[in-house]
Structures are given as C-alpha cells and as structure tokens.
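As the structure is a computational prediction, the values presented were derived from the model and not from experiment. Proteins come first, then strands; the chains are lettered A, B, ... in the order of their sequence lines, and each starts at number 1.
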2 protein chains.
Amino acid sequence: MPNRPLSADTIHVSPDVWKQGVRALWRTTGSRVTKPRVRVLDAIMRYQTPFSAEQLCADLGQSISPPGRATVYRTIEQLSESGWLARIHTQTGEAGYVPSLPGHLHHLICTTCGVVIAFEGCVLDDLLVRLSSQTDFAIEGHLLQIYGRCATCK
Amino acid sequence: MPNRPLSADTIHVSPDVWKQGVRALWRTTGSRVTKPRVRVLDAIMRYQTPFSAEQLCADLGQSISPPGRATVYRTIEQLSESGWLARIHTQTGEAGYVPSLPGHLHHLICTTCGVVIAFEGCVLDDLLVRLSSQTDFAIEGHLLQIYGRCATCK
DNA sequence: CTATATGCAAATTCTTTGCAAATCG
DNA sequence: CGATTTGCAAAGAATTTGCATATAG
C-alpha cells in the first residue's frame with residue numbers, strides 16, 4: 001500500500017528564518033530595529049518551550065542592560081499581532097507564546113515537557129461546511145491545539 | 001439525496017439541566033449548597049455570552065448581599081475543573097467562561113456578539129491518528145474552537 | 001535632525017491567601 | 001454541633017501607562 005499524502009504536515013520554524021522574518025516586518029512597517037528589540041528576539045530564540053511575558057522579563061533581567069518590562073511587553077504584542085508569535089493555551093489554562101510563522105494555525109503540545117510542534121491541516125474543511133449550514137454561522141477562523149506526550153516523554 | 005448524519009451535533013445547555021447538574025456535583029462531592037454559591041450560579045445563567053471572573057464579580061456587586069470576590073473565584077475554579085464551565089479563548093486572546101456539560105469539547109463562537117454554540121464531533125480522529133504516527137506523540141486531548149458570525153450578526 | 005522607541009516608576013487590573021466569624025447539614 | 005465555607009483586607013502577580021530621555025535612520 002502506497003503512502004498516502006498526510007493531511008497535516010509538521011512545520012519546523014528555523015531560528016534564522018524567523019529572525020529574518022521579524023526584521024523584515026520591522027523594516028516594512030517603519031518600525032526600528034533597536035538593540036532592546038533584538039535582545040528580546042535573541043532571548044525568545046533560546047526557548048524550547050512556550051514562554052510567558054513575565055518569564056521573558058525575568059530571563060532578560062539576568063543579562064547586562066536588559067530591556068525594560070514595557071519594551072518586552074510591547075514587543076511581544078507586536079509580534080503576536082503580526083503572527084510571528086502564536087499564543088498557546090495549556091490544558092490547565094495557562095497561556096504562553098511560541099515563535100511561529102504568520103498563517104500557521106495548529107499546534108501539538110507535549111503535556112510533560114512543553115515542546116511544541118506546528119502543523120497545517122485541511123482536515124477541518126468538512127466539519128466547517130457542515131457546521132456552517134447547521135448553525136447558519138459564517139465561519140471565519142478556528143483554533144486547534146492537540147495535547148499529548150512526545151516521543152521522549154511518553 | 002438523503003440527509004447524511006452530521007459529524008457534529010450542536011448541543012444546547014438548558015439552564016435547568018445545568019443548575020441541577022451543578023447541585024448534583026456539590027451533593028456528591030460533599031460540597032455545600034450555600035447561598036453565595038447559588039447566587040453565583042444564578043448570575044452565570046443570566047449571561048448569553050462568555051464572562052470573565054471580574055465581570056461576574058462586578059455584576060454580582062450590583063445585587064444585594066453580593067458574594068465576596070474570593071467566593072466567586074473559588075466557585076468558578078470548582079466548576080471549571082469539574083467541566084461545568086468551559087474556558088473559551090477569543091481570537092484576540094481574552095479568556096472567558098461559558099456554562100458547559102462535562103465532556104463537551106468544542107465551541108463555535110460569534111466574533112461579533114460573542115454567543116457560543118457547543119458541539120461534539122469525531123472529525124478529528126483521522127487527523128489524530130496521522131499526527132500520532134508522524135510525530136510519535138501519544139495524543140491525550142485537544143482544544144478546538146471555531147470563530148464566525150452568527151445568523152443574526154452576519 | 002526628528003520621528004520613533006526606551007526606561008522608569010507609578011497606577012491598574014487580576015487573582016490568591018490567611019484567618020476569624022458565619023453557616024449548612 | 002462540627003466541618004465547611006464565607007468575607008475581608010492585604011498580599012502578590014501581571015500588565016499598562018505617561019512622559020522625559022535616548023537613539024535609529
């Protein structure tokens with residue numbers, strides 16, 4: 001039996017691609033590439049798992065000449081709104097951010113170590129059509145996160 | 001062409017069923033049916049859209065002999081953990097609660113008026129199997145929310 | 001140069017906690 | 001009654017804001 005194409009392909013966000021993308025965002029929107037912002041980017045790239053704003057502030061606080069809280073929060077907001085950070089919700093309701101590429105929709109999250117894998121998938125199309133006719137909603141978007149234990153943790 | 005059974009059926013949470021269910025929870029777990037808790041239930045039943053803890057406190061504050069903040073927070077936590085409240089995330093990241101029945105998994109949320117429709121669906125099974133083999137995760141659960149505009153708002 | 005961004009410290013907002021007094025069963 | 005729950009007020013987080021100063025382009 002031949003391998004069928006998967007309906008969902010996992011996506012790896014390379015640090016270089018991500019940083020370039022964010023810098024491009026800044027350039028094209030007239031935002032400036034400042035030292036504090038770059039420090040925030042670098043710190044984000046060091047995480048293997050979702051991070052919170054406070055965590056990021058605390059970790060940056062260890063370094064020399066850390067950006068102020070306000071800058072950290074403002075940068076996170078900017079990246080989050082433009083899709084370069086994705087907001088993750090754990091099963092217990094805590095929120096966190098992970099580097100992302102604009103347009104990526106779904107995440108697979110390890111409930112033990114927190115590692116996140118992004119993927120795309122059109123598997124919802126069928127459901128969306130049915131829901132749409134059944135409820136008379138005009139569907140605009142969706143949030144899908146899947147929880148499990150990764151190969152290492154299980 | 002015959003109507004095929006839908007892969008997802010919307011679910012209506014009747015106020016009576018819900019309140020009875022919560023009371024049953026309290027009885028069976030040795031929790032007490034106190035006046036402040038009942039006031040919280042009643043207030044929750046008045047919402048047509050997701051509410052936050054602060055909102056609930058504020059609204060209860062209008063009434064005579066309102067429960068204290070602590071009681072409101074503790075009651076929400078209790079209901080949330082037992083599945084009688086579901087946590088909702090809006091597209092902009094705000095969180096809110098809606099009355100739910102334990103085990104219900106998915107929500108369709110109007111991005112204009114905030115009304116929420118719950119539904120069940122096994123449409124993810126296929127995706128989960130594929131993801132599982134592709135990523136070597138042991139899948140444990142998932143969060144699915146769909147955003148759109150309801151019949152009235154669209 | 002000048003528009004944008006920073007950092008600070010204070011103000012807000014949201015949530016949790018400890019404990020004496022009240023209350024449900 | 002006795003165990004559970006409440007309400008308060010204070011502590012603790014998390015986030016936002018205003019504005020004088022610094023800086024990228």
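Rounded to 10 degrees, the angle separating the terminal helix axes of the helix from C/dC1-D/dG25 to C/dG25-D/dC1, each built from five base pairs, is 40°.
Summarising the geometry, the separation between CZ on A/R23 and P on D/dA24 is reported as 13 Å, rounded to the nearest angstrom. Rounded to whole Å, atom C1' of C/dG25 lies 15 Å from atom CH2 of B/W26. A straight line from NZ of A/K35 to C1' of C/dG7 spans 15 Å, rounded to a whole angstrom. Atom CD in A/E77 sits about 14 Å away from atom C1' in D/dA14, given to the nearest Å. When rounded to the nearest whole Å, the span between CZ of A/R37 and C1' of D/dA24 equals 10 Å. Rounded to whole Å, the distance from CD on A/E94 to C1' on D/dT15 is 17 Å. Regarding B/Q78, its CD atom lies at a distance of 18 Å from the P atom of C/dT15, rounded to whole Å. With rounding to whole Å, B/R39 atom CZ is found 13 Å from C/dT23 atom C1'.
Side-chain atoms of A/R27 and base atoms of D/dG25 include no donor and acceptor less than 3.5 Å apart.
Defined by atom type and a distance below 3.5 Å, a donor-acceptor pair is present between the side-chain atoms of A/S31 and A/Q78. Using modelled atom types and a 3.5 Å distance limit, the side chains of A/T75 and A/R37 yield no donor-acceptor pair. For the residue pair A/E94 / A/T92, a side-chain donor-acceptor distance below 3.5 Å is found, with atom types taken as modelled.
For B/R69, counting side-chain heavy atoms from C-beta on, the closest listed nucleotide (C/dG25, C/dT15, C/dT6) is C/dT15. Of the candidate nucleotides C/dT2, C/dG25, C/dT17, C/dT2 has the atom lying nearest to any side-chain atom of A/R32. Nearest nucleotide to the side chain of A/A53, out of D/dT15, D/dG7, C/dT6: D/dT15. For B/R74, the side-chain atoms get nearest to D/dG7 when compared with the rest of D/dG7, D/dT15, C/dG7.
Aromatic ring orientation, A/W18 versus A/W84: perpendicular (interplanar angle above 60°, classes split at 30° and 60°).
One finds no side-chain N or O of B/Y73 lying less than 4.0 angstrom from the OP1 or OP2 phosphate oxygen of C/dT16. One finds no side-chain N or O of B/T34 lying less than 4.0 angstrom from the OP1 or OP2 phosphate oxygen of C/dT23.
Within 4.0 Å (heavy atoms only), A/S31 reaches sugar-phosphate atoms of the nucleic acid but no base atom.
For the atom pair B/Q145 CD and A/L144 CG, the distance stands at 10.5 Å (nearest 0.5 Å). Atom CZ of B/F119 and atom NE2 of B/H106 lie 6.0 Å apart (nearest 0.5 Å).
For the pair A/A70 and B/S65, both in contact range of DNA chain D, the more 5′-proximal nearest nucleotide belongs to B/S65.
Remark: A/D126 engages A/R130 in a salt bridge, criterion side-chain N to carboxylate O under 4.0 Å.
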